[in-house]
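Below you'll find the structure, written out as structure tokens, and then a few comments.
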Number of protein chains: 2
Amino acid sequence: MDFQDYVSVDCVIFGYDFERLKVLLLERVMLDQATHKVIFSDKILPGSHVLNNEPIEAAAKRVLVEFTGIEDIPLHQFKTFGDLDRLSRQERDILWLKNIHQDPSQRVLTVGFYSLVDANKYKLSVTKQQTHPEMFKRNPAWYDIETIPEEMAYDHKQILYEALSYLREGVKYNPLVFELLPEKFTLGLLQKIYETILNTTFDKRNFRRKLLKMPFIVPLEEKQQKVAHKPAQLYRFDWKLYQQVKRNNHDIML
Amino acid sequence: MDFQDYVSVDCVIFGYDFERLKVLLLERVMLDQATHKVIFSDKILPGSHVLNNEPIEAAAKRVLVEFTGIEDIPLHQFKTFGDLDRLSRQERDILWLKNIHQDPSQRVLTVGFYSLVDANKYKLSVTKQQTHPEMFKRNPAWYDIETIPEEMAYDHKQILYEALSYLREGVKYNPLVFELLPEKFTLGLLQKIYETILNTTFDKRNFRRKLLKMPFIVPLEEKQQKVAHKPAQLYRFDWKLYQQVKRNNHDIML
DNA sequence: GCAAAAGTGTTGCTATTACACCCATGC
DNA sequence: GCATGGGTGTAATAGCAACACTTTTGC
């Protein structure tokens, strides 16, 4: 037994599809070897063991590519989960682990990461070679945050909800939303994102006043085109300026 | 090799001695077996491997008792450190690990916890049986945060500084300071603590106004006694009320 | 009586809230 | 011409920052 048998990462990828807040989950399916009937199926976070010589964040990035096709996104470590029985609280988890020849009573610590991305930007796909023909993870898909599937692997529902509250806090003090926004964006879009994530609404005029006071949100000499309404001013987020401002004044953003 | 060989916890215990902010460190000493001369000595955070059947927070509490004598304090998980070479970047770390028959190139993930306590409340002492007679940890002691020792084990200096910034953020949004304060306290003391931790000063009148508006800081029918100045009103922190208020309104405290 | 910390109010400024209408565009 | 989201100002209120003197006690 080795380091990699005891440590894993799990990724909670939040996606905004310009309508709603979503989370990326895989389907975990176990088939009967003989009949090929489904024994069970539930949802699981993209995650995997950390290889012996792999930094933990690299492991998180690797599993994302392997199980979702998402590449090159910033990941935020939020919490480590180490309950003794976190892999063996549900019957189907035990069944699953036994079948991949892992002892369900063996302890695996998992480091949780979250991210916020544009849900429309990626074609989701599993590229990882699945080692057990009748047990596999498939169908990475976005699930609305308001209707999280009941049945999830291990302690993943707990991990998901904790990530959600880290996201909601994080978004208030860190420029997380600019990690998902296109280079050029309108204030209307920005407002919609904040409203969706925080599940609230803001007054348009007050919101704009507040954001326009931030020096790192800089107007471009460019407007929207071909929209069926008054074209909006485009802005960009200046990361360098943001870093400068942040050094002096810790609490910015909403 | 087992779970416990790959996962550890480290505790960054901040102490306030009613003057300055301190941090609790142990001395790590290695002696020459023959001459008993000191080969090296540096500082190390209280930490240890997590036992196979031990929850991670329990491990953190255990090592605190074993290496410092501090019992029953709230611990806050803040970050997990997993760099591949975090145990082998310094010559003396390699020497140390070889002598306790641990492979320096072996990877150990460590989960960091921090806490804030009254530095005067505890008699510090090491009770853990030290297994290698010429290599030991001793002398738990408070070190001023402004003069952190240069020489520290592994990546412990990094862990310490990251903990410090989590503390400084945490104290603004969570009632951490009330975990260290005596049951009955004065507003003057409260202000001094915030000023020390955040390394700033506040206007007395504005500070009091702000804190007295918080319903969970409740005045007692009692004043200081036998002080060589006007005796101050005593207050207590009502944790139940705090929980209630917090449910509605997420961002409180300073 | 003096040293030491407690306690207290006001003012100007800044930030926040609440609120309603016209504008430019594509179809 | 109508539907769509963009864009704008003001007034009332609440919160924040800056400021100095009196009080009570122990010694």
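Hydrogens, waters and symmetry mates play no part in the numbers below; they use all other heavy atoms, side chains included. Naming convention: chains lettered A, B, ... in sequence-line order (proteins, then strands); numbering from 1 in each chain. Computed from a predicted structure; not experimentally measured.
Taking atom CZ on A:Phe185 and atom C1' on D:dG6, their separation rounds to 16 Å, with Å as the unit. A straight line from CG of B:Leu189 to C1' of C:dG7 spans 16 Å, rounded to a whole angstrom. A:Lys230 places its NZ atom 12 Å from the C1' atom of C:dC21, with the value rounded to the nearest Å. Distance, A:Lys223 NZ to C:dT25 P: 8 Å, rounded to whole Å. When the P atom of C:dA24 is taken as reference, atom CG of A:Leu234 falls 17 Å away, rounded to whole Å. Atom C1' of nucleotide D:dG15 and atom CE of B:Met214 are separated by 13 Å, given to the nearest angstrom. Between the CG atom of B:Leu254 and the P atom of D:dA17 there is a distance of 11 Å, rounded to whole Å. In this structure, CD of B:Gln191 is placed 12 Å from P of C:dG7, rounded to the nearest angstrom.
In the set C:dA15, D:dG6, C:dA6, C:dA15 carries the atom at the smallest distance from any side-chain atom of A:Lys213. Set against C:dT25, D:dC19, D:dG5, the side chain of B:Asn206 has D:dC19 as its closest nucleotide. Picking from D:dT24, C:dT8, D:dG9 the nucleotide with the shortest atom distance to the side chain of B:Lys204 gives C:dT8. The side chain of A:Arg205 has C:dA20 as its nearest neighbour among C:dG26, C:dA20, C:dG7.
No donor-acceptor contact under 3.5 Å links the side chain of A:Lys226 to the base of C:dG26.
Mapping A:Gly188 and B:Arg209 onto DNA chain D via the closest heavy atom, the residue that lands nearer the 5' end is A:Gly188. Take the nearest nucleotide of DNA chain D for A:His229 and for A:Arg208: the residue whose nucleotide is more 5' is A:His229. With the nearest nucleotide of DNA chain C identified for both B:Ala228 and B:Asp203, B:Ala228 has the one nearer the 5' end.
Looking at A:Glu179 and A:His76, their side chains do bring a donor and an acceptor atom within 3.5 Å of each other.
Residue pairs meeting the side-chain hydrogen bond (donor to acceptor under 3.5 Å, both in side chains) criterion with at least one member in residues 157-168 of chain B, sequence neighbours excluded: B:Lys79-B:Glu162, B:Glu150-B:Lys157, B:Gln158-B:Glu162.
Among the atoms of the strands shown, only primed sugar atoms or phosphate atoms (P, OP1, OP2) are found under 4.0 Å from some heavy atom of A:Lys210.
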For this session: Dump the intermediate steps for ring-ring contact (aromatic ring centres under 6.0 Å, His included) on B:Tyr235 and B:Phe178, then the final yes or no.
Result: CA-CA 11 Å; B:Tyr235 295 83; B:Phe178 301 99; over 10 Å; no
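Remark: A:Glu27 does not engage A:Lys43 in a salt bridge, criterion side-chain N to carboxylate O under 4.0 Å.
Ring pair B:Phe14/B:Tyr114 is perpendicular by interplanar angle, where above 60° counts as perpendicular and below 30° as parallel.
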